[in-house]
Structure formats: structure tokens, C-alpha cells
Amino acid sequence: MWQIASGTGLLPPDKLAAPDVILRSAWELAVTGELGPNLLVSLSRVASGLVIGIAVGVAAGLLAGLSRWGDDLLDPPVQMLRTLPHLGLVPLFILWFGIGETPKIALVALGVTFPLYLNVHGAIRGVDPKLLEATSVLGFNHAQRIRHVVLPATLPSLLIGLRQGLGVAWLSLIIGEQVNADAGIGYMINNAREFLRTDIIVVGLVIYAALGLLTDALVRLLERRTLRWRVNTKAA
């Protein structure tokens, strides 16, 4: 229907290009070498923001979850900050960090931090007290209790937080790359908008969606490998 509507003129190309035009444009972008460098730039931004977001989110979640003073000190401000729409912080990030790579990476990192913090913190607080009592009976010290009970119990929630964080990371990147960017998939989309190239815009959106699905699949694969005991439980 889409192809027919485009071929008969019911759907003008400046509104939405035909599927065959989009496929041809994707091929041309790949062959001419325009797509590869932009894709690498976008991947590097997400990777940098993801590493920072995971480090901050997991560290804060562990600190707040494992200690009462950490919970009192960290949880209230984090809960307050997470209610802010972080995409609305773009103007402030530009003022604070300029128009280079830093605000884009910071936007991704901020989007990743909160899902990881909430899942890690909630998982630690939800550890079965009977398990902790059992470790006391067995003579585990504090470090052993964390290593053998708390961290394994936290892992499923951490991976869920990672999947949520990745979704927010790609969303943050789309917004970040359309503001004062000179490379990346978002820049390519924004540049195509200036010339009414809806075919390139759709190609960019499809790439974003494909990258989101790919990274989610990688986390699910990691989940299956690290949580085999849970899979076995389901199978039983």
C-alpha cells in the first residue's frame, strides 16, 4: 500500500519517500561511505555514556542499598533528580559543557543512571531476610554475605535495569545528536530534514531502531548466560 500510494502520487516524497527509494538510499549511504563514520560516532557516544551511566548507577545503587547512611544520603536526592525530564536538560548541558561531545555523552549517561540505580537499590532492599539469617548461622562475614547472597540476588534486576537504560540511551542520543552535532546518525537525519530527504530520515530512524533491538538482544543473551539457574528453574 505504501509503495502504491507513493507511485500514484497520493503520498508525495517530501512527506514520506517510497520503500524502494528508502532502500536505494540506504544502499547509496553505505556504498559511498557516508553511513559508516556517522554510525561509528553514534555508537561511540552511546558506549561512552553507557559506561559512565552504569558505573554511577550501579555504584550509587550499591552504596544506598548496602548501608543505611548511604540510603539516607543518596536516595532522597536521586529520587528527586530522577523525576526531572532529563531530555529537558539539553539547554543547561550546552551552557555547562559547550556544544562538543560532552553534553551528548552526559545526556546518555544521565538517562542510563536512574534505571540502573532503581533496579539495583530495589533488588538489594528486596533480598530475602531468611537468606541473610542463614548466612549468619553459617558464619559468613559481611563481605561473604554480599558476595554470595546479595550480589547474585541483585543480578536479575541489574540486567533489567540495563535493558531499560539502553532504551533510554538511544532515545537520549536521538535528541542529543540533533542539537549542534556535526556527525552521527542524528546529524545525518537533521541534515536530511533541511533538504526534505525523507528517505534518509527513515533510513536513520530504522538504524536507530535496529541498534536498539541489537543491544537489547545482546543483554538478553547475557541474561541467559548469567542466569542459567533461573532458566533451569523455569524449565523444571
Side-chain angles (χ1 to χ4, degrees), residues 2-3 6 13-57 86-87 89-90 93-94 97-116 159 161-225:
W2 180 4
Q3 183 67 49
S6 299
D14 61 336
K15 301 299 181 188
L16 186 62
D20 63 324
V21 176
I22 293 171
L23 290 173
R24 191 162 55 246
S25 297
W27 175 253
E28 289 173 356
L29 287 170
V31 170
T32 58
E34 185 178 348
L35 182 60
N38 286 314
L39 183 59
L40 287 176
V41 169
S42 293
L43 287 173
S44 68
R45 285 170 179 156
V46 164
S48 301
L50 195 63
V51 169
I52 297 170
I54 290 174
V56 175
H86 80 286
L87 296 178
L89 295 176
V90 172
F93 279 6
I94 291 175
F97 305 122
I99 58 173
E101 292 297 297
T102 306
K104 301 170 185 61
I105 294 172
L107 199 65
V108 173
L110 192 63
V112 172
T113 297
F114 294 121
L116 281 163
L159 291 172
L162 183 58
R163 290 180 64 189
Q164 294 172 337
L166 276 168
V168 180
W170 288 113
L171 177 64
S172 304
L173 185 71
I174 293 172
I175 302 300
E177 286 192 332
Q178 295 190 36
V179 179
N180 291 318
D182 55 5
I185 300 299
Y187 164 76
M188 194 177 73
I189 290 176
N190 207 34
N191 202 32
R193 180 181 58 82
E194 300 287 336
F195 299 97
L196 301 178
R197 292 291 303 273
T198 56
D199 50 340
I200 296 178
I201 293 174
V202 174
V203 170
L205 293 175
V206 170
I207 291 171
Y208 273 133
L211 290 172
L213 286 173
L214 178 63
T215 50
D216 188 72
L218 290 174
V219 177
R220 288 176 70 90
L221 178 63
L222 179 65
E223 190 179 36
R224 281 197 294 273
R225 288 183 177 277

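Numbers here are sequence positions counted from 1. In this text, all values refer to a predicted model and were calculated from it rather than measured experimentally.
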Compare every heavy atom of [Y] with every heavy atom of [X], then report the nearest pair and how far apart it is.
X      : Y      : result
Phe97  : Pro103 : CB-CD, 3.8 Å
Gly161 : Leu116 : C-CD2, 3.8 Å
Thr32  : Leu29  : OG1-O, 3.4 Å
Arg197 : Ser25  : NH2-OG, 3.9 Å
Val112 : Ala169 : CG2-CB, 3.8 Å
Asn38  : Glu34  : ND2-O, 2.9 Å

_Sole residue of Ile201, Val202, Asp199 in side-chain contact (heavy atoms from CB on, under 4.5 Å) with Leu16_ = Val202
*Only one of Val168, Leu171, Ile174 forms a side-chain contact (heavy atoms from CB on, under 4.5 Å) with Leu87, so which one is it?*
Leu171
Is the shortest side-chain heavy-atom distance between [X] and [Y] below 4.5 Å?
X      : Y      : value
Glu101 : Ser48  : no
Ile200 : Phe195 : no
Ser42  : Leu173 : yes
Asp20  : Gln3   : yes
Thr215 : Trp170 : yes

[atom1] of [X] to [atom2] of [Y]: how many Å apart, nearest 0.5 Å?
X      : Y      : atom1 : atom2 : answer
Leu159 : Leu222 : CG    : CG    : 5.5 Å
Asp182 : Asn190 : CG    : CG    : 12.0 Å
Thr113 : Ile52  : OG1   : CD1   : 8.5 Å
Ile94  : Leu89  : CD1   : CG    : 11.0 Å

*Verify side-chain contact (heavy atoms from CB on, under 4.5 Å) between Val21 and Thr198, making sure each step is shown before the conclusion.*
CA-CA 10 Å; Val21 176; Thr198 56; over 6 Å; no
*Would Arg193 and Ile189 satisfy side-chain contact (heavy atoms from CB on, under 4.5 Å), going step by step from the backbone distance to the final call?*
CA-CA 6 Å; Arg193 180 181 58 82; Ile189 290 176; 5.8 Å; no
_Run the side-chain contact (heavy atoms from CB on, under 4.5 Å) test on Leu166 and Asp216 for me, step by step, so that the C-alpha distance in whole Å, both residues' side-chain angles and the decisive distance to 0.1 Å come before the verdict._
CA-CA 7 Å; Leu166 276 168; Asp216 188 72; 5.9 Å; no
*Answer yes or no: is there an ion pair linking Glu177 with Lys104, defined by an N-O contact shorter than 4.0 Å?*
no
*Could you pull out all residues at least two apart from Ile207 that satisfy side chain to side chain contact (heavy atoms under 4.5 Å, CB included)?*
Leu35, Leu39, Ile185, Val203, Leu211
